[in-house]
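Report on the following structure.
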Amino acid sequence: MNPFMKKAVQLAIENVEQGGQPFGAVLVRKDEIISEGVNELHQNYDVSGHAELLAIRRAQASLKTHDLSDCVMYASGEPCPMCLTAMYFAGIKTVYYSASIDDAEKVGLGKSKMIYHDLKKNREDREIKMIYMPNEGALPDPMEKWARKGNE
């Protein structure tokens with residue numbers, strides 16, 4: 001087994017032993033681990049406390065950058081949609097994972113699979129109702145303000 005994946009899986013095992021879920025992640029740059037994380041949902045009331053997100057947050061904070069395009073993620077489980085989206089925003093281009101979302105579903109951790117399926121639907125058919133409510137001039141448009149900011 002790849003040593004970085006071995007570390008991610010070992011973190012997941014240790015997290016289960018401490019009452020958490022079986023997810024661990026390490027973020028690697030130039031063959032060196034720059035950050036790691038485990039799901040901390042059992043410690044904090046924070047649904048975003050996933051292993052991959054925590055590894056990304058820690059790396060960005062220590063490197064003082066949003067750009068992690070030169071990094072590779074190793075995760076004990078296939079990333080959920082939230083973690084995958086964070087990887088897109090961070091510029092991560094390669095992710096290795098050990099257990100699939102189908103494997104997770106078999107042990108009662110099937111929310112990721114449901115969300116992936118829901119995101120394939122048209123916006124109006126999703127579980128979460130998304131309702132467009134435009135500003136209509138009630139306040140200055142923050143998007144226009146952002147666009148002008150670069151030209152000031």
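Along the sequence shown, residues carry numbers from 1.
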* I would like to know whether Cys80 and Lys111 meet side-chain contact (heavy atoms from CB on, under 4.5 Å); could you show each step before the answer? => CA-CA 8 Å; Cys80 75; Lys111 192 154 234 165; over 6 Å; no
Indicate the atoms forming the closest heavy-atom contact of [X] with [Y], along with that distance.
X: Pro79; Y: Val95; answer: CG-CG1, 3.8 Å
X: Ile34; Y: Arg29; answer: CG2-CB, 4.0 Å
X: Ala12; Y: Gly24; answer: CB-N, 3.6 Å
X: Asn39; Y: His50; answer: OD1-CA, 3.4 Å
X: Leu27; Y: Ala55; answer: CD2-O, 4.1 Å
X: Pro22; Y: Ser76; answer: O-OG, 3.3 Å

State, with a plain yes or no, whether a side-chain heavy atom of [X] is found less than 4.5 Å away from one of [Y].
X: Gln21; Y: Val16; value: no
X: Pro81; Y: Leu119; value: yes
X: Asp103; Y: Leu109; value: no
X: Glu78; Y: Ser100; value: yes
X: Glu127; Y: Lys121; value: yes

* Side-chain donor-acceptor pair under 3.5 Å between Thr65 and Asp67, yes or no? ->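 No.
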Distance check, rounded to the nearest 0.5 Å: [X] atom [atom1] versus [Y] atom [atom2]?
X: Lys106; Y: Asp102; atom1: NZ; atom2: CG; answer: 6.5 Å
X: Met87; Y: Met82; atom1: CE; atom2: CE; answer: 10.0 Å
X: Asp70; Y: Lys93; atom1: CG; atom2: NZ; answer: 9.5 Å
X: Leu54; Y: Ser48; atom1: CG; atom2: OG; answer: 7.5 Å
X: Asn135; Y: Met143; atom1: CG; atom2: CE; answer: 10.5 Å

* To do: I would like to know whether Arg57 and Ser62 meet side-chain hydrogen bond (donor to acceptor under 3.5 Å, both in side chains); could you show each step before the answer?
  => CA-CA 9 Å; Arg57 286 179 190 153; Ser62 69; over 6 Å; no
Main chain of [Y], side chain of [X]: is a donor-acceptor contact present, judged purely on distance under 3.5 Å?
X: Asn44; Y: Asp46; value: no
X: Asp118; Y: Arg126; value: no
X: Asn122; Y: Asp125; value: no
X: Arg58; Y: Glu36; value: yes

* Asked: side-chain contact (heavy atoms from CB on, under 4.5 Å) between Met73 and Thr94: does it pass, once the steps are laid out?
  -> CA-CA 6 Å; Met73 180 70 73; Thr94 305; over 6 Å; no
For residues [X] and [Y]: do they belong to one hydrophobic cluster (side chain heavy atoms under 4.5 Å, members Ile, Leu, Val, Met, Phe, Trp, Tyr)?
X: Tyr88; Y: Ile101; result: yes
X: Val28; Y: Met1; result: yes
X: Tyr97; Y: Leu84; result: no
X: Val9; Y: Ile33; result: yes
X: Val38; Y: Phe4; result: yes

* To do: Measure the acute angle between the ring planes of Tyr74 and Tyr96, then classify it against the limits of 30° and 60° as parallel, tilted or perpendicular.
  => parallel
* To do: Flag yes if more than 12 heavy atoms outside His66 fall under 6.0 Å of its NE2 atom; otherwise flag no.
  => no
* **Over 12 non-hydrogen atoms of neighbours within 6.0 angstrom of NZ in Lys30** =>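 Counting neighbours around NZ of Lys30, 12 or fewer heavy atoms of other residues, nucleotides or ligands fall under 6.0 Å, so no.
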